[in-house]
Engineer: 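Before I ask anything, here is the structure I am working with.
Sequence lines set the chain letters: A, B, ... in the order given, protein chains first and strands last, and positions in each chain run from 1. Since the structure is predicted, the reported quantities are computational estimates derived from the model, not experimental observations.
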There are 2 protein chains.
Amino acid sequence: MSFQPQQIAGNNAEKTKAHNRRVVLGYLQTRAAGRAEIAKAAGLSTQTVSNLMAELETEGLVLRTGRRAAARGQPPVVYAFNPAGAAALGFEVRPDMLTMVLTDLGGTALASEHHRLAQTDPDFVLAQMARLAQKAIARSPIARILGAGLVIPGPFGLEGLSTDDATALPGWDPATLPARAELLLGLPVHIDKDATAAALAEGMSGAAQGLPTYAFLYFGSGLGLGIVAQGHPLRGAFGNAGEVGHVIIHPNGRACGCGNAGCLEQYVSRLSVQRHLVAKGHLAPDTSGTDATLLRLLDTQNPDLIEWLDTAAEALSRAIGMLENLFDPQSTVLGGALPDALIDALIARLALPTGSVARRSDRTAPRVQRGTSGRFTAALGAAALVIHSTVTPRLDAHRLESPPCP
Amino acid sequence: MSFQPQQIAGNNAEKTKAHNRRVVLGYLQTRAAGRAEIAKAAGLSTQTVSNLMAELETEGLVLRTGRRAAARGQPPVVYAFNPAGAAALGFEVRPDMLTMVLTDLGGTALASEHHRLAQTDPDFVLAQMARLAQKAIARSPIARILGAGLVIPGPFGLEGLSTDDATALPGWDPATLPARAELLLGLPVHIDKDATAAALAEGMSGAAQGLPTYAFLYFGSGLGLGIVAQGHPLRGAFGNAGEVGHVIIHPNGRACGCGNAGCLEQYVSRLSVQRHLVAKGHLAPDTSGTDATLLRLLDTQNPDLIEWLDTAAEALSRAIGMLENLFDPQSTVLGGALPDALIDALIARLALPTGSVARRSDRTAPRVQRGTSGRFTAALGAAALVIHSTVTPRLDAHRLESPPCP
DNA sequence: ACCTTAACTCAAAACATTTGAATAAAATAT
DNA sequence: ATATTTTATTCAAATGTTTTGAGTTAAGGT
């Protein structure tokens, strides 16, 4: 991911092959298939697919899973995506915490580690990352590591938009960081914001699996949005698309640190429920033990929590209606740093607007559902960035070295 | 544009060449350049670019514009995009009207025609289109016609979401129509909804020229949104992305035909200002002569119109803030079927939210601006669909013939 | 048994790009 | 003035990948 002006790159034979590899891998990610079927789907000759599959097989990225009896003719040799063919590292950096996961190509976690951060200086954190990576790679059951994903909280290049100043990471420039990290880790590094990465994780192995177009609402400390359209994450001009937390949902509503009143994340976020419960005396001002308290209050149908749920569900319903009308997703997924039971309770209380393009008779995916990646979603998403880049066909961009001067 | 499940297609040498042609043409669309510069920008060899340029020159799509004195060395032969190299047809179908334009490759209109529609039956309208096309092609100053764009009002595949039932076109299936139209016109046909096409027109030759990522608010009878992200229109899972008119901007606000209350287009749309002026007695119930009345009232600063402007600007400000936070565009452009002066008055009254990712110090384009394509925007956009498809590199999709059976 | 259908393989051909050497034209240095 | 450097361009051969067409394998249908 980059925020510099880019130029679409030209193709040549080698790039063509790399593209075709991604096409084939992307197809197999969804379903096992014979080579003839793949060739037909991709518009390639069977010979080409044969050659590619032979290569992918020796690399261990695909497996023959036997023959399948077809209606007539020679039964195809069925190939399947091999999740154990390679691994990816994912790092999530928060102001107080560094989380690392190692996943296979299916997005399944093989190892994970948390590391408290005393400082957020990039040099310091990068050194910690290198240390964790080395250890993880040494112990990894899968030898081949494709790369590392790095996830930091957005928005990028702005000040004063986060709900909480403690969520900002000063000095973390997404334009220059990957190069520095690549040098230290000796691996290709991809960077993105938490919600976008989390969305990819959910699309790779979670609730949005197989959907090309969906929205993912990510509960961090605020509320983030990751949008995937036709299989590609939507990042906007400066990487800040999906800043849904500061959409005004209640005109003249609660004041927000950003200067607006009535921002969505004042009603629907972890911070919002914490504040409500602190005010009602259910939680200490340091908000320790939030999750246990939340689950207890939910279990007993505590009126104070129900009050928050009702307010949040009302705001969220309208917000989801808005997202549906703007992005026309196949499904909207909710996940992140909130207990599953609370997300379920929120979903159960939604009253989605009737005037939405999502109200169509031919839907296959639920309008709203809870994600399945749990609390590590963002770190898993970091790894998913790597997998996505090796499996999903894309238009390559070419960074402009110098401005094209007249 | 298609709404069927698609599969990304594989590449081969021919597709590689087609891609490289688009890369080169897309580069030249922005600025004239020598072959070495193009080669460097696209990551191609100079030889390849030389070959492509020779071809494009004989096809008349590019022109040598002489040599440019460089700092040192042999001065490059400068090539420029030739707008007169080919033409495109654009059709806008509305329930009562068929509009056609013929444009050159720069998006400049060469001819235009209106045709009242007595019926909206696709067969009937397609026949009218064929007739108009034939006439336009016969009179065209540019012989080569690349194709035709067809624009119909969205949303697709839904009922009961339009503000006005009169805007719907029954029987117009965007999935099957292009094929039928291609047969009749003998040209490649592209279809899309009005706001998306209008956005492309504005990006090709209007206010958003050169911007890869922008939002376009389109005043039709309701309010539509066309989003262009990294040069590509965002269409969503079913082609209905950008249905901004039915985003709820005032909780418990004015009732809307869609079932919601407080939809944006109840406050910001041509229909909304018409209703307001009819209610105030400035306009006949048949809303004839709307534009003249609007301009007169605006000129005299009529309090009733100012009242509408204030209400609309308040709603629109929040809506634009929302779009900025969700799409992170470089600019938001307003255009369509509203007099320029009224759009300007609306923009002058905006009070954009402070909590927006668009508040950055390094912006180059204005946060909000009026479009420059005028009232034909949608029909011009239809033609822009054709130009876009020949000039913009893309990932080719391959329609799945039969479902991949297990 | 024989035919049909479908998947697959092999070797040759086709396509477009890249490479490396050579040429052209200008600014700068001697 | 002349040589040198720099940049743009062209030519011909080499390279990488895909496609094509013929032939093989393996199953079901008749």
Engineer: Within the structure, does a side-chain N or O atom of A/R35 lie under 4.0 Å from either OP1 or OP2 of C/dT9?
Structural biologist: yes
Engineer: Between A/N51 and A/E55, do the side chains contain a donor N or O and an acceptor N or O under 3.5 Å apart?
Structural biologist: no
Engineer: So, taking the atom named CG in A/L25 and the one named OG1 in A/T30, what distance separates them when rounded to the nearest 0.5 Å?
Structural biologist: 11.0 Å
Engineer: Just to confirm, is there a sub-4.0 Å distance from OP1 or OP2 of D/dT9 to any side-chain nitrogen or oxygen of B/S50?
Structural biologist: no
Engineer: After noting the C-alpha distance and the side-chain angles of B/H232 and B/R394, does the key distance pass the side chain to side chain contact (heavy atoms under 4.5 Å, CB included) rule?
Structural biologist: CA-CA 8 Å; B/H232 297 274; B/R394 61 169 179 271; 4.2 Å; yes
Engineer: Rounded to the nearest angstrom, tell me the gap between atom CD1 in B/I38 and atom C1' in D/dT9.
Structural biologist: 13 Å
Engineer: Do B/Y214 and B/E202 have side-chain N/O donor and acceptor atoms under 3.5 Å apart?
Structural biologist: no
Engineer: Between A/M53 (CE) and C/dA7 (C1'), how many Å, whole number?
Structural biologist: 14 Å
Engineer: Under 3.5 Å, is there a donor-acceptor pair linking the side chains of A/T103 and A/T108?
Structural biologist: no
Engineer: Apply the side chain to side chain contact (heavy atoms under 4.5 Å, CB included) test between B/L105 and each candidate in B/L146, B/V386, B/V391; give the one that qualifies.
Structural biologist: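 Testing each of B/L146, B/V386, B/V391 against B/L105, the sole residue satisfying side chain to side chain contact (heavy atoms under 4.5 Å, CB included) is B/L146.
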Engineer: Can you measure A/E37 atom CD to C/dC8 atom C1' for me and round it to whole angstrom units?
Structural biologist: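 A/E37 atom CD is separated from C/dC8 atom C1' by 15 Å.
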Engineer: NZ of A/K15 versus C1' of C/dT18: gap in Å, rounded?
Structural biologist: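 Rounded to the whole Å, the gap is 13 Å.
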Engineer: Treat primed atoms plus P, OP1 and OP2 as sugar-phosphate and everything else as base, then score nucleotides 18-26 of chain D 5' to 3': B for base contact with protein heavy atoms under 4.0 Å, S for sugar-phosphate contact only, - for none.
Structural biologist: SBB----BB
